[in-house]
Amino acid sequence: MHRNGIIDAVAHDRRSQGPLLQGRNRKDTAGSGPARVDTGEVAELGADSWAVTLAPRIAQFTAVARHEHVTRAAQELGMPQPTLSRAIVRLEEDLGVALFARHGRTLSLTPAGRAFLAATERALTDLERATESVRADVDPAAGKVAFGFLHTLGPETVPGLIRSFRADHPRVRFQLVQNYGEAMIERLRAGDLDLCLTSPVPDYPDLVARRLDEQKLRLVVPDDHPLAARKRIRLAEAAGELFVTLEPGYGLRRITDALCAEAGFTPRVAFEGEEAETLRGLVAAGLGVALLPPPAVPRPGVAELTVTAPRAVREIGVAWLDGHPDTPPVAAFKKFLLSRRGRLLPR
């Protein structure tokens, strides 16, 4: 715990909140009493909040309670004994309850003081843990990166990227999130993700996005389909087929609809899913055809045809929230991803 921060906060509290506390005490005397927060609720930290008022003094009270002696507590906190004595008296006055019984130079906790100590010790422990956690997350050598990516990049691309990055940053930790593009963008905006790999490359004013690579899409048909013997196909030749696709809102669904429109038709959709390999399974079962990126492992029961027209690719890009400061590990991983332009995906 940083002692100087405690002392500075207390000095500010004495200078700036005296009239405010007097006003609150008058209001409490009139019958409103201090606000109470039920278990599970979050306190609103307004100007007259008890939490705002008491937070700078909690460490002081806890030190005095532990030593049962103001002088020894003041020595531990690195502050003058008279200043600490006045702070404790002021705390009791503000609360309207005696926390200590005085016995010459020593003190002992009252029942109210013991109850208050139990709560303050929990608060300080939680604060210490929270501080250690956030400081650990920004550690350049061992911090955390919250990284989102498309399901189709999970089996091969992302593990390879992380393995290569950790060759030079072996202790950096990753929080990995697989989802479809729009869901990841919302998580970027919410602060849940630092970076995400997505497709199409997003174009929003609040995001920064960089194209990294492109991936060819294939027309996948059942292996007993009349087209299965072909190596190449124009997409217009599949106009009469039933399609299995991802659900609306998925990037690959938007690309499929756009390519079919460019080929001169609207696909007749038989099934919609949420994951590319599930669609491959539906194709293998003879339930339709699909435009899909290459699989990480060849799937039996299907044939995969190169689409010659229109040019069937999807762009893969990295996106992050504009103006959001990067921690050192996030900055390092972002630089690494940008260095992989044109060679992000396995060939």
Side-chain angles (χ1 to χ4, degrees), residues 148-163 176-184 196-200 212-316 343-347:
F149 52 92
L150 301 169
H151 288 92
T152 50
L153 302 178
E156 188 174 6
T157 300
V158 169
L161 287 172
I162 293 176
R163 181 181 64 245
L176 301 178
V177 175
Q178 291 179 271
N179 217 321
Y180 65 98
E182 289 300 319
M184 287 193 294
C196 71
L197 289 181
T198 187
S199 177
L212 296 179
D213 213 337
E214 67 178 27
Q215 189 174 47
K216 291 182 178 179
L217 301 179
R218 301 169 177 173
L219 184 71
V220 184
V221 302
D223 62 1
D224 59 355
H225 192 281
L227 294 172
R230 301 270 298 271
K231 296 296 183 182
R232 296 175 177 81
I233 189 171
R234 291 179 295 108
L235 189 56
E237 297 178 69
E241 302 290 337
L242 290 175
F243 276 72
V244 295
T245 72
L246 295 179
E247 295 178 350
Y250 283 71
L252 187 56
R253 172 61 179 273
R254 294 201 302 275
I255 294 170
T256 296
D257 290 345
L259 288 172
C260 290
E262 190 175 346
F265 69 96
T266 299
R268 294 185 299 140
V269 177
F271 294 93
E272 295 175 334
E274 297 181 342
E275 205 275 321
E277 287 311 302
T278 300
L279 299 188
R280 250 189 195 86
L282 294 173
V283 172
L287 300 175
V289 304
L291 274 172
L292 295 173
V297 178
R299 175 71 181 253
V302 300
E304 309 215 0
L305 314 181
T306 299
V307 178
T308 59
R311 187 169 182 268
V313 298
R314 66 169 181 171
E315 292 186 334
I316 306 295
R343 52 191 184 94
L344 180 81
L345 303 172
R347 301 301 184 202

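In this text, all values refer to a predicted model and were calculated from it rather than measured experimentally. One is the number of the first residue; the rest follow in order along the sequence.
- With a 4.5 Å cut-off on side-chain heavy atoms, M184 and L197 do not count as touching.
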Check residues 243-251 and write down every donor-acceptor pair under 3.5 Å in which the side-chain atom is one partner and the other belongs to a residue at least two apart or another chain.
from: T245; atom 1: OG1; to: R253; atom 2: NH1; distance (Å): 3.1

Solution key, residues 153-160 side-chain donor-acceptor pairs under 3.5 Å, sequence neighbours excluded:
none

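- Between L279 and V220, the closest side-chain pair of non-hydrogen atoms is not below 4.5 Å.
- At least one side-chain heavy atom of R314 sits under 4.5 Å from a side-chain heavy atom of T152.
- R232 pairs by the side chain to side chain contact (heavy atoms under 4.5 Å, CB included) definition with T306, T308, not counting sequence neighbours.
- Counting non-hydrogen atoms of other residues, nucleotides and ligands closer than 6.0 Å to CZ of R163 gives a total of 12 or fewer.
- Partners of S199 by side-chain hydrogen bond (donor to acceptor under 3.5 Å, both in side chains), not counting sequence neighbours: none found.
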Using atom types as modelled, flag every donor-acceptor pair under 3.5 Å from a side chain in residues 283-305 to any protein atom, sequence neighbours excluded.
from: E304; atom 1: OE1; to: R218; atom 2: NH1; distance (Å): 3.3
from: E304; atom 1: OE1; to: R280; atom 2: NH2; distance (Å): 3.3
from: E304; atom 1: OE2; to: R280; atom 2: NE; distance (Å): 2.8
from: E304; atom 1: OE2; to: R280; atom 2: NH2; distance (Å): 3.3

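- Remark: E182 engages Y180, I185, Y204, R254 in a side chain to side chain contact (heavy atoms under 4.5 Å, CB included) (not counting sequence neighbours).
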Which pairs of donor and acceptor atoms, one on a side chain in residues 259-268, lie under 3.5 Å apart (sequence neighbours left out)?
from: R268; atom 1: NH2; to: G240; atom 2: O; distance (Å): 2.6

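- Taking CZ of R311 as the start and CG of L235 as the end, the distance is 14.5 Å to the nearest 0.5 Å.
- In this structure, CD1 in I316 is found 7.5 Å from OG1 in T198, a value given to the nearest 0.5 Å.
- Not counting sequence neighbours, the partners of E241 by the side-chain hydrogen bond (donor to acceptor under 3.5 Å, both in side chains) test are H225.
- For R234, the CZ atom sits in a loose shell: 12 or fewer heavy atoms of surrounding residues, nucleotides or ligands are nearer than 6.0 Å.
- Within the model, atoms CG of L344 and CD of Q215 stand 9.0 Å from one another, a figure rounded to the nearest 0.5 Å.
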side-chain contact (heavy atoms from CB on, under 4.5 Å) between L252 and L150: does it pass, once the steps are laid out? CA-CA 10 Å; L252 187 56; L150 301 169; over 6 Å; no

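- Partners of E315 under the side-chain hydrogen bond (donor to acceptor under 3.5 Å, both in side chains) rule, at least two apart in sequence or in another chain, are R211.
- The heavy-atom pair separating A228 from V221 by the smallest distance is CA-CG2, 4.0 Å.
- Taken to the nearest 0.5 Å, the NE2 atom of H151 stands 8.0 Å off from the CD atom of E274.
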